[in-house]
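Have a look at the structure below, then the notes.
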Amino acid sequence: MSDMRTYQHPDLATVTIEHALHALSDPVRLDIVRQLDREIEASCAALDGGRPKSSMSHHFRVLRAAGLVHTRIAGVQHMNTLRREEVDKRFPGLLDAVLGVKG
């Protein structure tokens, strides 16, 4: 029997700026977002920085709930992407400001 687990990803229209800022306020989550902004897609394991799996599961859950990250299952790996285009449309300039990108 295979694991048919899927993740819930909110419609960004339902995400508040406070929710997004809360998710980005944690240094670990901010680091994940920075890495995904550079790498486009990465597995949970590639983003864990040696941190415990249980801790990282929590961080990814918060990032998904805030609409910042999309996670898809590819075999045994969970691949993550930053929902950059959608977030930029919902909160123009937020990621550039938080990530220090100069326009």
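Nothing fancy with the numbering, it's 1 onward along the sequence.
- Between the CG atom in Leu68 and the OG1 atom in Thr81 there is a gap of 11.5 Å [rounded to 0.5 Å].
- The hydrophobic cluster containing Val62 does not contain Leu30, counting ILVMFWY residues as joined when their side-chain heavy atoms lie under 4.5 angstrom apart, directly or transitively.
- Residues Val33 and Met79 do not share a hydrophobic cluster, clusters being chains of Ile/Leu/Val/Met/Phe/Trp/Tyr side chains in contact below 4.5 Å.
- A salt bridge between Arg83 and Asp88 is absent, with no side-chain N of the basic residue lying under 4.0 Å from a carboxylate O of the acidic one.
- His58 NE2 to Leu63 CG: the interatomic distance, rounded to the nearest 0.5 Å, is 9.0 Å.
- The shortest side-chain heavy-atom distance between Thr71 and Val69 falls under the 4.5 Å cut-off.
- No side-chain heavy atom of Gln35 sits less than 4.5 Å from a side-chain heavy atom of Leu82.
- Atom CZ of Arg84 is separated from atom CG of Leu36 by 11.5 Å, given to the nearest 0.5 angstrom.
- Residues Ser43 and Asn80 are not in side-chain contact: their nearest non-hydrogen atoms beyond the backbone lie 4.5 Å or more apart.
- Between the side chain of Asp26 and the main chain of Arg29, a donor-acceptor pair closer than 3.5 Å is present.
- Of the inter-residue distances, the one linking Glu41 atom CD with Glu39 atom CD reads 10.5 Å to the nearest 0.5 angstrom.
- In the hydrophobic clustering of ILVMFWY residues, with side-chain heavy atoms under 4.5 Å counting as a link, Leu95 and Ile17 come out together.
- Remark: Arg34 CZ to Ile32 CD1 distance equals 12.0 Å, nearest 0.5 Å.
- Partner Tyr7 forms a side chain to side chain donor-acceptor pair (under 3.5 Å) with one of Arg72, Arg64, His78 and no other, that one being His78.
- Taken together through direct or relayed side-chain contacts under 4.5 Å among Ile, Leu, Val, Met, Phe, Trp and Tyr, Leu47 and Val76 form parts of separate hydrophobic clusters.
- Between His70 and His9, the two ring planes are parallel [angle under 30°; tilted spans 30° to 60°].
- Arg90 places a side-chain N or O within 3.5 Å of a backbone atom of Val15 that can act as its donor or acceptor partner.
- Considering every non-hydrogen atom in both Ala65 and Pro10, the closest pair reads O-CG, 3.4 Å.
- A donor-acceptor pair under 3.5 Å is formed between the side chain of Arg51 and the backbone N or O of Asp48.
- Here the straight-line distance linking atom CG of Leu24 with atom CG of Leu94 works out to 6.0 Å at 0.5 Å rounding.
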